[in-house]
Amino acid sequence: MEFHHVPILLESVLDQLMIHPDGVYMDGTVGGAGHSSEILKRLDENGRLICLDQDRTAVETARERLTAISDRASVVKTNYVNFDTVLDDLGVDRVDGILLDLGVSSYQLDNGERGFSYRMDAPLDMRMDQDNPETARDIVNNYSEDDLTRILREYGEEPFARQIARSICRSREEKEITTTFELNELIRSSIPARARRNGGHPSKQTFQALRIALNRELQVLEDSIDRMIGRLSSGGRLCIITFHSLEDRIVKQAMKRAEHPCICPPDFPVCVCGKVSQGRVVTRKPILPDPEEQEDNPRSKSAKLRVFEKK
């Protein structure tokens with residue numbers, strides 16, 4: 001299937017990046033190149049765009065689409081946590097703007113073979129990087145009940161984590177769990193009927209948790225933000241779009257620390273820790289999609305854009 005990607009909060013991202021035609025920009029999650037295509041159109045012959053993605057199909061699609069616009073884009077297959085190495089290899093010291101559009105793409109969700117969606121029967125995969133040897137099937141069938149419970153609680157905020165983990169462990173003793181619908185049935189049978197009636201799809205939180213754990217999404221985000229701010233030019237901006245509270249909390253706290261890094265006790269008359277502010281948080285409250293965008297693209301409803309500017 002074609003890599004279809006509707007760029008969320010596109011105009012807000014372009015406004016907040018404050019693109020200079022001769023600037024250097026990085027898209028750490030290029031996907032179908034929806035955001036990157038518009039960034040690239042705003043660059044002149046002296047500008048440069050560096051695009052990263054760990055999804056092989058996304059990289060192939062982005063190269064094709066961006067090459068049709070300009071030769072000023074470089075597309076590299078890697079997780080964005082490795083951006084420092086990519087910039088060093090390309091001889092780039094500082095960038096004028098960085099974009100991260102987090103979460104799973106529409107293409108990945110809609111491509112049943114990838115196993116991200118609980119609405120399509122498919123192998124339990126959920127890998128954002130198809131070269132990753134571990135899949136969601138490995139987690140479901142090999143992790144202990146305690147580890148599964150922890151994953152579902154921490155990454156899915158699933159109130160019935162223990163019951164679901166216990167059902168998984170009992171079921172796999174008889175037969176390996178291999179498909180999304182097999183897992184759906186175990187989840188459904190583990191949740192009380194009243195809770196199933198009052199909530200959304202019973203598998204939503206469990207699938208989110210397994211995906212996040214498998215792809216190390218939160219660890220990668222935590223490991224990257226400070227370093228990304230460190231590679232920004234003066235006045236450069238880091239723009240991050242999140243889709244759930246776990247991501248948003250990490251971004252909000254990291255940007256706040258970068259703005260006010262002092263760890264001295266509040267009663268100290270002067271700072272003695274030596275930690276210096278890296279810049280300012282531009283978005284005191286996150287930028288949200290307007291009602292029209294939410295209606296046109298329902299998957300944008302949970303999106304939040306936060307922006308940090310390097311001093």
Side-chain angles (χ1 to χ4, degrees), residues 1-103 105-108 111 128-130 224 227-241 282 287 289 293 296-297 300 303 305 307-310:
M1 64 178 291
E2 183 182 358
F3 201 118
H4 177 66
H5 174 64
V6 178
I8 289 172
L9 288 163
L10 177 59
E11 293 305 320
S12 295
V13 166
L14 297 173
D15 289 344
Q16 293 298 324
L17 282 174
M18 298 193 304
I19 298 168
H20 308 296
D22 60 349
V24 180
Y25 296 88
M26 184 177 80
D27 184 344
T29 50
V30 68
H35 292 101
S36 280
S37 294
E38 296 304 318
I39 295 171
L40 189 59
K41 290 174 184 177
R42 287 158 173 76
L43 301 180
D44 62 23
E45 65 276 8
N46 296 312
R48 189 170 188 180
L49 177 62
I50 300 158
C51 301
L52 315 177
D53 207 293
Q54 60 184 326
D55 188 302
R56 188 188 315 123
T57 308
V59 169
E60 294 169 357
T61 300
R63 282 182 180 147
E64 180 179 349
R65 292 176 180 176
L66 295 175
T67 300
I69 298 171
S70 169
D71 63 356
R72 305 302 299 164
S74 302
V75 184
V76 180
K77 183 188 178 299
T78 190
N79 189 300
Y80 68 78
V81 76
N82 303 315
F83 78 95
D84 272 323
T85 301
V86 175
L87 295 182
D88 292 343
D89 289 346
L90 294 174
V92 175
D93 182 37
R94 303 284 174 182
V95 295
D96 298 298
I98 299 173
L99 169 65
L100 293 179
D101 180 3
L102 302 176
S105 71
S106 295
Y107 168 82
Q108 290 166 332
N111 186 344
M128 291 182 173
D129 180 354
Q130 299 98 318
S224 302
R227 292 187 293 115
M228 286 183 169
I229 291 173
R231 294 298 287 257
L232 289 173
S233 304
S234 178
R237 289 188 165 190
L238 171 61
C239 298
I240 304 182
I241 301 173
V282 177
I287 298 171
E293 179 173 6
D296 291 343
N297 181 11
S300 73
L305 170 63
V307 183
F308 185 89
E309 181 179 279
K310 183 75 173 290

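Side chains are part of it too, since the values below use all heavy atoms of this structure and drop only hydrogens, waters and symmetry mates.
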Between Met18 and Gly235 the two heavy atoms that sit nearest each other are CE-O, 4.3 Å
The complete set of salt bridge (Lys or Arg N to Asp or Glu O under 4.0 Å) pairs with one or both residues in residues 29-40, sequence neighbours excluded, reads Glu38-Lys41, Glu38-Arg42
Rounded to the nearest 0.5 Å, how far apart are CG of Leu102 and CD1 of Ile240? 6.5 Å
What one should report as the nearest heavy-atom pair of Pro7 and Gly34 is CB-C, 3.8 Å
Would you name the heavy atoms of Leu43 and Gly23 that are closest together and state the gap between them? CD2-O, 4.1 Å
Output, in order, the C-alpha distance, side-chain angles, deciding distance and verdict of side chain to side chain contact (heavy atoms under 4.5 Å, CB included) for Asp93 and Leu87. CA-CA 7 Å; Asp93 182 37; Leu87 295 182; over 6 Å; no
Can you measure from CZ (Phe83) to CD1 (Ile98) and round to the nearest 0.5 angstrom? 5.5 Å
Check whether any side-chain heavy atom of Pro21 lies under 4.5 Å from a side-chain heavy atom of Asn46, and answer yes or no. no
Holding to side-chain hydrogen bond (donor to acceptor under 3.5 Å, both in side chains), I want the full list of residues that pass it with Asp84, two or more places apart in sequence or in another chain. Arg227, Arg231
Which atom names give the shortest non-hydrogen contact between Val76 and Val59, and what distance separates them? O-CG2, 4.2 Å
Gln130: what forms a side chain to side chain contact (heavy atoms under 4.5 Å, CB included) with it, not counting sequence neighbours? Asp55, Arg56, Thr57, Arg114
Who pairs with Glu293 by salt bridge (charged side-chain N to carboxylate O under 4.0 Å, His left out), at least two apart in sequence or on another chain? none
Given 3.5 Å as the limit, does a donor-acceptor pair link the side chain of Thr29 with the main chain of Asp101, or not? yes
Taking only residues two or more places apart in sequence or in another chain, which ones pass side chain to side chain contact (heavy atoms under 4.5 Å, CB included) with Ala303? Ile8, Leu9, Ile241, Phe243, Pro289
Determine which pairs satisfy salt bridge (Lys or Arg N to Asp or Glu O under 4.0 Å) with at least one residue from residues 25-37, sequence neighbours left out, and list them in order. none
Looking at Ser37, is its backbone amide N or carbonyl O close enough to the side chain of Arg65 to form a donor-acceptor pair, meaning the two atoms are under 3.5 Å apart? no
side-chain hydrogen bond (donor to acceptor under 3.5 Å, both in side chains) partners for Thr78, two or more places apart: Asn82
Between Leu238 and Leu232 the two heavy atoms that sit nearest each other are N-CD1, 3.8 Å
Please report the shortest heavy-atom distance between Gly28 and Tyr80, naming the atom on each side. O-CB, 3.4 Å
Which pairs count as salt bridge (Lys or Arg N to Asp or Glu O under 4.0 Å) when at least one residue sits in residues 10-25, sequence neighbours excluded? none
CG of Leu305 to CD of Gln16: how many Å apart, nearest 0.5 Å? 6.0 Å
Between His35 and Leu10, does a side chain to side chain contact (heavy atoms under 4.5 Å, CB included) hold up when you go through it step by step? CA-CA 6 Å; His35 292 101; Leu10 177 59; 3.8 Å; yes
May I have the step-by-step check of side chain to side chain contact (heavy atoms under 4.5 Å, CB included) for Val92 and Met26, ending in yes or no? CA-CA 11 Å; Val92 175; Met26 184 177 80; over 6 Å; no
Short side-chain to backbone donor-acceptor contact, Lys310 and Ile229, under 3.5 Å: yes
Is there a side chain to side chain contact (heavy atoms under 4.5 Å, CB included) between Cys51 and Leu66? Walk through the geometry before answering. CA-CA 10 Å; Cys51 301; Leu66 295 175; 3.7 Å; yes
Which pairs pass salt bridge (Lys or Arg N to Asp or Glu O under 4.0 Å) with one or both residues in residues 68-83, sequence neighbours excluded? Lys77-Asp129, Lys77-Asp131
Would you give the length of the straight line joining atom CG of Asp89 to atom OG of Ser74, rounded to the nearest 0.5 angstrom? 11.5 Å
Name all residues meeting the side chain to side chain contact (heavy atoms under 4.5 Å, CB included) criterion together with Asp96; count only those two or more places apart in sequence or in a different chain, and write none if there are none. Val24, Tyr25, Ser233
Keeping the roles fixed (side chain from Arg237, backbone from Val307), state whether a donor-acceptor pair exists under 3.5 Å. no
